[in-house]
Each structure stands twice: as C-alpha cells, then as structure tokens.
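Presented below is the structure to which this report refers.
Protein chains get the first letters and strands the later ones, always in sequence-line order, with residue 1 at the start of each. This is a predicted model, so every value here is computed, not measured.
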2 protein chains.
Amino acid sequence: MPRSTRRRPAPTHPAAEDIDLYDVLHALSDPTRMTIVRVLRAEPERACGSFPVDVAPSTLSHHFKVLRESGVISQREEANRRFSALRTVDLERRFPGLLDTVLAALARNGGDA
Amino acid sequence: MPRSTRRRPAPTHPAAEDIDLYDVLHALSDPTRMTIVRVLRAEPERACGSFPVDVAPSTLSHHFKVLRESGVISQREEANRRFSALRTVDLERRFPGLLDTVLAALARNGGDA
DNA sequence: ACCGCTTTTCGATGCTTGTCGAACATCGCA
DNA sequence: TGCGATGTTCGACAAGCATCGAAAAGCGGT
C-alpha cells in the first residue's frame, strides 16, 4: 500500500477568481503582513523564517496563513522549508493595479514602517 | 459671556498628511463601510441616515466615525444633520490612485456586495 | 537512531471590533 | 413649550485577532 508522499497537509490556496477583496484588504491592513508583502515584492520567493519581522515563529506562521488564505501569497514546500511568493499574476488579473497602488502608497506612508 | 456656537463636539478629522495607510485599509475592509464609500463616490455629499445599509443607527454612527478618523471621509454639520463626503483630494494627494483602484476592484468583487 | 533546524498546531490571553438597545443631545416646526 | 426627526454616546456582548510559549511534525545530516 503506497503511502502518500504528502506528509503535512498541503497548504490550501483559493482559486484566482475566488479571491475576495475584503479578505485582501484585511490581510494588507497589518504592518507585519505588509512587511512580508513588501519583501516578497523585491524577491520572487523566500523561506518563511527569513523575513525581517520581529515576532515569534508561531505568530509568523499565523500571518502566513492569513496571507495565503486571502490569496495574496502562495506557498510551496521544499524539504522542511516552506517558500512563499506573491500571487502577482492572479492578483493583477482579479484586481488590476491594486497591489502596485497599495505598495506605492506604503512607500509614501513611511516606507518600512 | 458669549457661549460658543458649537453645540456638540465638532467632528475631528486627521490632517491630509497624517492619514495612515493601515487605518485606510482597515476602514475599507468592512462591507458596510465600503458601501458608504461607494455611494459617496457617486454623490458629492449625503446625510448619514440616507445610506442603503441595514444596520442600527448606533452602528452606522460607529462606522462613520471609523471612516472619518481614518481620513476617508469628512463630515460637516448642518442643523441637526451631518453630511458626509469623500476626501478624494486629500486621499489622492497622499495615496495616488488608491481610492480609484480599490473601487474598481470592488466592482469586480461583486459590485454591491 | 539521534539531534538540530524549520515550521505548524494548540491553548491561552488580552485587545479590538461589529453589533445592538437605551438614553441623551440638538434642531425645526407646530 | 412640546414633538418628531436626526445622530451620537454609553454600556454590554459575542466574535475575531495578534500575540506568545509549549509541544509536535517532518526533514537532513551525523
């Protein structure tokens, strides 16, 4: 009996057309999560633990879950690490210009605040 | 002794340059408040009680307070009515394109949902 | 087989939030 | 002066949220 290669439950992502605006806005209304998005904007992919945020690992995991379930980021597993990436294409298709505008606004708000 | 003509405490608004992005995003992440913004987009001004939202007056007052203190709307008093308006100029100056993009995204999200 | 690293899950905690009803304030009008 | 209409304030309440520490799961290397 071939055991599944899946170890932990694979991270679930909403379909592009199911991304909800209110979920996205809520996800982006937290500074810690916005920092994650901003960093991910500059790099295509990054491991969870390598973000310049000052919260406990469990808290960070929670924020990634919020971002993932709102459709802002995607996550893939590699070994015991989990890499995150912005869903730029899906977001652009669903809500054109939103991500760019918000990130531009963030830069005016205080940049890294 | 001349009493002040102010009866109730006048509504307080943040200065344009003090509008905080996180406050704005949070204000916009609620459907009831978003409905208010959407209606205000089509009309320059409107009295509080005349919005097509289905909540108690006290709840509505709370939402207006959130919108006002985040800098999304302004309110002026006339007699015993309070008129609200979008702070389109201030918002555009502080976060260019944000309001338009979010409202366009709202239309894609389900329009009046 | 064991250890260390990365990340998630669980339970708890304190704060925030959306909601309501009741009471209050203010105005116009009769 | 009193009445109705318009909004706000005040508690109260349930739900949600950001946060943490402790524990567990999964992987790679020794």
Fill in: Given D:dA18, C:dT7, D:dG7, the nucleotide with the shortest approach to the side chain of A:R33
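The closest nucleotide is D:dA18.
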
Item to complete: Return the nearest nucleotide to the side chain of A:D30; candidates are D:dT8, C:dT19, D:dA18.
Response: D:dA18

Discussion item. How about CG on B:D18, more than 12 heavy atoms from neighbouring residues, nucleotides or ligands closer than 6.0 Å, or not?
Written reply: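 More than 12 within 6.0 Å, yes.
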
Spacing of [X] atom [atom1] relative to [N] atom [atom2], expressed in whole Å:
X: B:H26; N: D:dA18; atom1: NE2; atom2: P; result: 10 Å
X: B:R81; N: C:dG28; atom1: CZ; atom2: P; result: 10 Å
X: B:L60; N: D:dT6; atom1: CG; atom2: P; result: 13 Å
X: B:D54; N: C:dT19; atom1: CG; atom2: C1'; result: 12 Å
X: A:N80; N: C:dT9; atom1: CG; atom2: P; result: 15 Å
X: A:H62; N: C:dG11; atom1: NE2; atom2: P; result: 17 Å
X: A:F83; N: C:dT6; atom1: CZ; atom2: P; result: 11 Å
X: B:H63; N: D:dG7; atom1: NE2; atom2: P; result: 16 Å

Discussion item. Does C:dT19 have OP1 or OP2 under 4.0 Å away from a side-chain N or O of B:T59?
Written reply: no

Worksheet entry | Closest approach of A:L25 to B:L25 (non-hydrogen atoms, all atoms of both residues) | CD2-CD2, 4.0 Å

Worksheet item: Do B:S58 and C:dG21 have a side chain to base donor-acceptor pair shorter than 3.5 Å?
Response: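 When only heavy-atom distances are counted, B:S58 does reach the base of C:dG21 through a donor-acceptor pair under 3.5 Å.
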
Item to complete: Any chance you could measure A:T35, atom OG1, to A:F51, atom CZ, to the nearest 0.5 Å?
Response: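 Those atoms lie 10.0 Å apart.
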
Worksheet item: So what does A:V55 hit on the nucleic acid, given a heavy-atom distance under 4.0 Å: a base, only sugar-phosphate, or nothing?
Response: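 A:V55: backbone/sugar contact only, no base atoms under 4.0 Å.
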
Worksheet item: Do the side chain of A:S61 and the main chain of A:S58 share a donor and acceptor less than 3.5 angstrom apart?
Response: no

Item to complete: State, with a plain yes or no, whether a side-chain heavy atom of B:L21 is found less than 4.5 Å away from one of B:L98.
Response: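 A side-chain contact exists here, since the closest heavy-atom pair is under 4.5 Å.
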
Worksheet, complete the sentence: By nearest-heavy-atom nucleotide on DNA chain D, the more 5' of B:C48 and A:S29 is B:C48

